[in-house]
Amino acid sequence: MYYLNGMMAGILTKSNKLGYVAAYPIPELIRHINAYALGAKAVNPEATVDVKWIYAWYGPDKAKEAAEALIAEGCDALAFTEDSPAVVEVGQAHCEKGKQIYTFSHYSPPCRRMAKILWFQANAWTGADCMPKS
C-alpha cells in the first residue's frame, strides 16, 4: 500500500516535493517511507520525499507542526504514520484556502470522516481477515 500511495502522490504532485510525517525512526517506518519514495520515483523520477520525525505515535500537535513545515518547504502531497487525523486536517485547511494539498493516510480509517476533499486511502484489517473459515 505504501508503494501504491507513493505512485499516486508521484502522479499528483506539481512541485515534485512529497512529505512524510513519521512517528519514530524504526525499521518498520523506514520501510514504509522507502516504499512510498520508490512508488513515487517509479512514476515521477523528479519526485523527492522529505521526512519530519515527530517521536510520538499519537501527537496531533507535533503532526500538525510537521505537516505545516513540510508544506512551507514546498511539499504538496503528504503521507504519515501517526495515529491522529492531524495531517489530513492540515491538508484540508490548505485546500479550503485554495492551496491543493493531497494527503495519504495509513492505518487511519477515521480520517475518512475528517477529510472532505483530497484525502486518499486508509487501510484497515483485522486478524479475522487472515483466519481460515471453519
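Just so you know, these numbers come straight off a predicted model, no measurement behind them.
The closest side-chain donor-acceptor pair between Tyr20 and Thr81 falls under 3.5 angstrom.
The side chain to side chain donor-acceptor pair (under 3.5 Å) search around Asn44 returns Asn16, not counting sequence neighbours.
With hydrogens and angles ignored, the 3.5 Å screen pairs a side-chain donor or acceptor of Glu82 with a backbone N or O of Gly59. Listed for the Tyr3 side chain is no donor-acceptor partner under 3.5 Å among the backbone atoms of Tyr36.
The distance from the CZ atom of Arg31 to the OH atom of Tyr2 is 7.5 Å, given to the nearest 0.5 Å. Within the model, atoms CD1 of Ile101 and CG of Leu70 stand 10.0 Å from one another, a figure rounded to the nearest 0.5 Å. Note that the CG atom of Leu38 and the CD1 atom of Ile33 stand 12.0 Å from one another [nearest 0.5 Å].
Nearest heavy atom pair, residue Ala86 against residue Pro60, reads CB-O, 3.5 Å. Across every non-hydrogen atom of Tyr24 and Tyr55, the tightest pair is OH-O, 3.2 Å. Smallest separation of non-hydrogen atoms from Ala23 and Trp53: C-CE3, 4.3 Å. Taking both residues in full, the closest heavy atoms of Met7 and Gly39 are given as CG-O, 3.3 Å, listed atom of the first, atom of the second, then distance. The two residues Asp50 and Cys75 have their closest heavy-atom pair at OD2-SG, 3.9 Å. Summarising the geometry of Ile54 relative to Ala66, their closest heavy-atom pair is CG2-CB, 3.8 Å, with the distance given to 0.1 Å.
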Stepwise salt bridge (charged side-chain N to carboxylate O under 4.0 Å, His left out) test for Lys17 and Glu73 = CA-CA 9 Å; Lys17 291 189 69 153; Glu73 293 168 10; 5.4 Å; no

Verdict with supporting geometry, Leu12 and Phe104, side chain to side chain contact (heavy atoms under 4.5 Å, CB included) | CA-CA 12 Å; Leu12 292 168; Phe104 298 83; 4.2 Å; yes

Apply the test side chain to side chain contact (heavy atoms under 4.5 Å, CB included) to residues Ile71 and Leu78: give CA-CA distance (whole Å), side-chain angles for both, the deciding distance (0.1 Å), then the verdict.
-> CA-CA 8 Å; Ile71 293 168; Leu78 303 177; 3.9 Å; yes

Candidate pair His94 and Glu68, rule side chain to side chain contact (heavy atoms under 4.5 Å, CB included), full reasoning | CA-CA 9 Å; His94 281 271; Glu68 290 289 1; 2.8 Å; yes

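Met1 has its side chain out of reach of His32: every pair of non-hydrogen atoms, C-beta onward, lies at least 4.5 Å apart.
Other residues, nucleotides and ligands contribute only 12 or fewer heavy atoms inside 6.0 Å of the CD atom of Glu65.
Under the 4.5 Å side-chain contact rule for hydrophobic residues, Tyr58 and Val87 do not share a cluster.
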